[in-house]
2 protein chains.
Amino acid sequence: MKPIKEDRRVRMTKLILRDSLLELMKKKSINKITPTEICRQADINRNTFYSHYSSPYDLLMQIENALYEEIRQSIEQSLKAENISALLQEICQSIVKNGELCRIMFSDHGDKDFLKRIIYIAHDKSIAEWKSFTRHSDTEQLELLYTFTANGSVAIIQDWVQTGMKTPPGEIARFIEKASNHGLEAFLSPR
Amino acid sequence: MKPIKEDRRVRMTKLILRDSLLELMKKKSINKITPTEICRQADINRNTFYSHYSSPYDLLMQIENALYEEIRQSIEQSLKAENISALLQEICQSIVKNGELCRIMFSDHGDKDFLKRIIYIAHDKSIAEWKSFTRHSDTEQLELLYTFTANGSVAIIQDWVQTGMKTPPGEIARFIEKASNHGLEAFLSPR
DNA sequence: ATTATAACGAACTGACTGTTGTATATTATA
DNA sequence: TATAATATACAACAGTCAGTTCGTTATAAT
């Protein structure tokens with residue numbers, strides 16, 4: 001994909017630009033951040049920015065893709081294990097590992113669809129697993145149910161990250177599973 | 001609140017600006033739409049725009065607030081009925097009534113938090129109803145569960161609107177209820 | 001030490017912003 | 001219908017930013 005190794009200066013420049021964008025994203029959303037602003041923050045010539053990225057959004061995408069790839073790889077074994085529960089937990093653990101970055105990415109100024117992209121890694125496996133449970137496999141309805149649970153899960157994780165990831169990842173994963181599988185019912189009066 | 005009646009010219013100007021913004025929102029998001037662009041579309045002087053709105057976002061907020069108010073009022077009676085199920089259905093029906101507008105507002109270029117705002121009308125009532133079902137009322141957990149179901153519901157409705165609102169509102173409301181109360185379990189093999 | 005190239009600095013065009021001042025048109029109403 | 005109020009149009013302003021170009025300087029790779 002990439003050339004064997006980038007020039008040391010290039011690596012440094014990209015690193016600074018990356019950090020500068022993330023710093024700015026603590027205060028405002030990507031669509032309010034200008035190239036000029038990033039370069040001011042980074043103390044780097046605007047020209048140099050354009051020689052590496054076409055826009056702030058382009059820079060953000062490269063940051064997101066790198067994080068996505070990292071998370072995807074760290075859950076690869078769980079994907080093979082065919083175990084949704086383990087997969088969910090692995091995702092949460094990966095998020096903890098990249099805590100600082102995730103806190104920015106999942107904040108109000110972050111990309112709201114990025115986390116959804118991660119959760120959707122589990123899509124095919126979930127649908128398949130669900131289908132194995134039932135005979136009347138109404139695919140359309142299961143897809144709709146996946147939309148429901150995926151978006152619910154995203155919201156839970158987002159809330160969890162934004163409030164400092166206090167509860168352990170395993171607990172969050174278990175909560176999501178309960179809510180997905182049994183809904184309100186799972187949280188009613190003691191049996 | 002408002003003066004008794006606005007000048008006829010003002011009413012017309014605002015209407016045109018509103019329609020022009022919505023027209024543009026079919027193609028791009030609010031943060032990419034400039035005042036200049038709206039005025040070009042509306043064939044109205046930029047000056048005039050600024051005498052009514054401070055920004056495209058300001059205009060959008062006024063559109064949203066009006067829609068929000070309309071929906072809120074039409075479900076007011078359901079709120080009194082203390083019936084979450086009826087409330088959900090009423091929300092879906094209101095959306096159908098404002099179909100064209102909602103299709104824009106809930107699209108990819110729309111405001112992703114607006115629908116969430118509507119769903120959250122049901123927040124207090126839901127939590128209260130849930131609490132009445134259980135003795136061990138762990139409020140924090142119920143709040144988390146509400147986050148889960150609310151965001152799942154928003155996604156379902158969004159999907160429903162974007163795909164042309166083919167299924168009747170009652171059916172959508174019922175699906176959401178099933179998913180919220182029983183999760184996957186509700187859709188498994190026939191009993 | 002030499003060569004390649006990354007980063008810088010300055011300058012340019014074009015677009016849009018938010019504001020001001022003035023002229024023109026339309027409305028409300030007496 | 002004449003008059004006063006005011007909404008809109010038109011024109012011009014300084015300021016910011018976007019991308020791009022070109023020549024210079026600095027730094028890395030070999």
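Naming: A, B, ... by sequence-line order, numbering from 1 per chain.
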Asks: Using the side chain to side chain donor-acceptor pair (under 3.5 Å) criterion, which residues pair with S20(B)? Sequence neighbours excluded.
Replies: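 In terms of side chain to side chain donor-acceptor pair (under 3.5 Å), with neighbours along the sequence ignored, S20(B) is linked to no residue.
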Asks: Taking all non-hydrogen atoms of both residues into account, name the closest pair between F106(B) and Q158(B) and its distance.
Replies: O-CG, 3.5 Å
Asks: Would one find more than 12 heavy atoms of other residues, nucleotides or ligands at under 6.0 Å from atom CZ of R8(A)?
Replies: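 No, the 6.0 Å shell around CZ holds no more than 12 heavy atoms from other groups.
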Asks: How would you list, by chain and number, every residue that makes a side chain to side chain donor-acceptor pair (under 3.5 Å) with R117(B), sequence neighbours excluded?
Replies: N65(B)
Asks: Test of understanding: with salt bridge (Lys or Arg N to Asp or Glu O under 4.0 Å), list the residues that count as partners of E171(A), not counting sequence neighbours.
Replies: none
Asks: Could you tell me from which nucleotide to which nucleotide of DNA chain C, 5' to 3', there is an atom under 4.0 Å from chain B heavy atoms?
Replies: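 So the contact region on DNA chain C extends dC16(C) to dA28(C).
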Asks: Among residues at least two apart in sequence or on other chains, which ones pass salt bridge (Lys or Arg N to Asp or Glu O under 4.0 Å) with E70(A)?
Replies: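 Scan of E70(A) (salt bridge (Lys or Arg N to Asp or Glu O under 4.0 Å), adjacent residues dropped) gives none.
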Asks: List in numerical order all residues of residues 19-44 of chain A for which some heavy atom is under 4.0 Å away from an atom belonging to DNA chain D.
Replies: T34(A), P35(A), T36(A)
Asks: Which residues satisfy the salt bridge (Lys or Arg N to Asp or Glu O under 4.0 Å) test with K28(B), sequence neighbours excluded?
Replies: E37(B)
Asks: Hey, which of T149(B), I84(B), T139(B) is the one that makes side-chain contact (heavy atoms from CB on, under 4.5 Å) with W130(B)?
Replies: T149(B)
Asks: Using atom types as modelled and distance alone, determine if a side-chain donor or acceptor of Y146(B) lies under 3.5 Å from a backbone N or O of I127(B).
Replies: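 Side chain of Y146(B) to backbone of I127(B): no pair is present.
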Asks: So, using salt bridge (Lys or Arg N to Asp or Glu O under 4.0 Å) as the criterion, who are the partners of R9(B) when residues are at least two apart?
Replies: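 For R9(B), the residues satisfying salt bridge (Lys or Arg N to Asp or Glu O under 4.0 Å) (neighbours in sequence not counted) are D7(B).
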Asks: Please tabulate, one pair per line, each protein N/O and nucleotide N/O from nucleotides 27-30 of chain D that are separated by under 3.5 Å, including the distance.
Replies:
from, atom 1, to, atom 2, distance (Å)
dT27(D), O2, R9(A), NH1, 3.0

Asks: Who passes side chain to side chain contact (heavy atoms under 4.5 Å, CB included) against I104(A), sequence neighbours left out?
Replies: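 Only L22(A), M25(A), K26(A) meet the side chain to side chain contact (heavy atoms under 4.5 Å, CB included) criterion with I104(A).
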Asks: Between residues 45-60 of chain B and DNA chain C, which residues have a heavy-atom gap below 4.0 Å?
Replies: R46(B), N47(B), Y50(B)
Asks: Return the set of residues passing side chain to side chain contact (heavy atoms under 4.5 Å, CB included) with Q73(B) (not counting sequence neighbours), or none when no residue passes.
Replies: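 Only E69(B) meet the side chain to side chain contact (heavy atoms under 4.5 Å, CB included) criterion with Q73(B).
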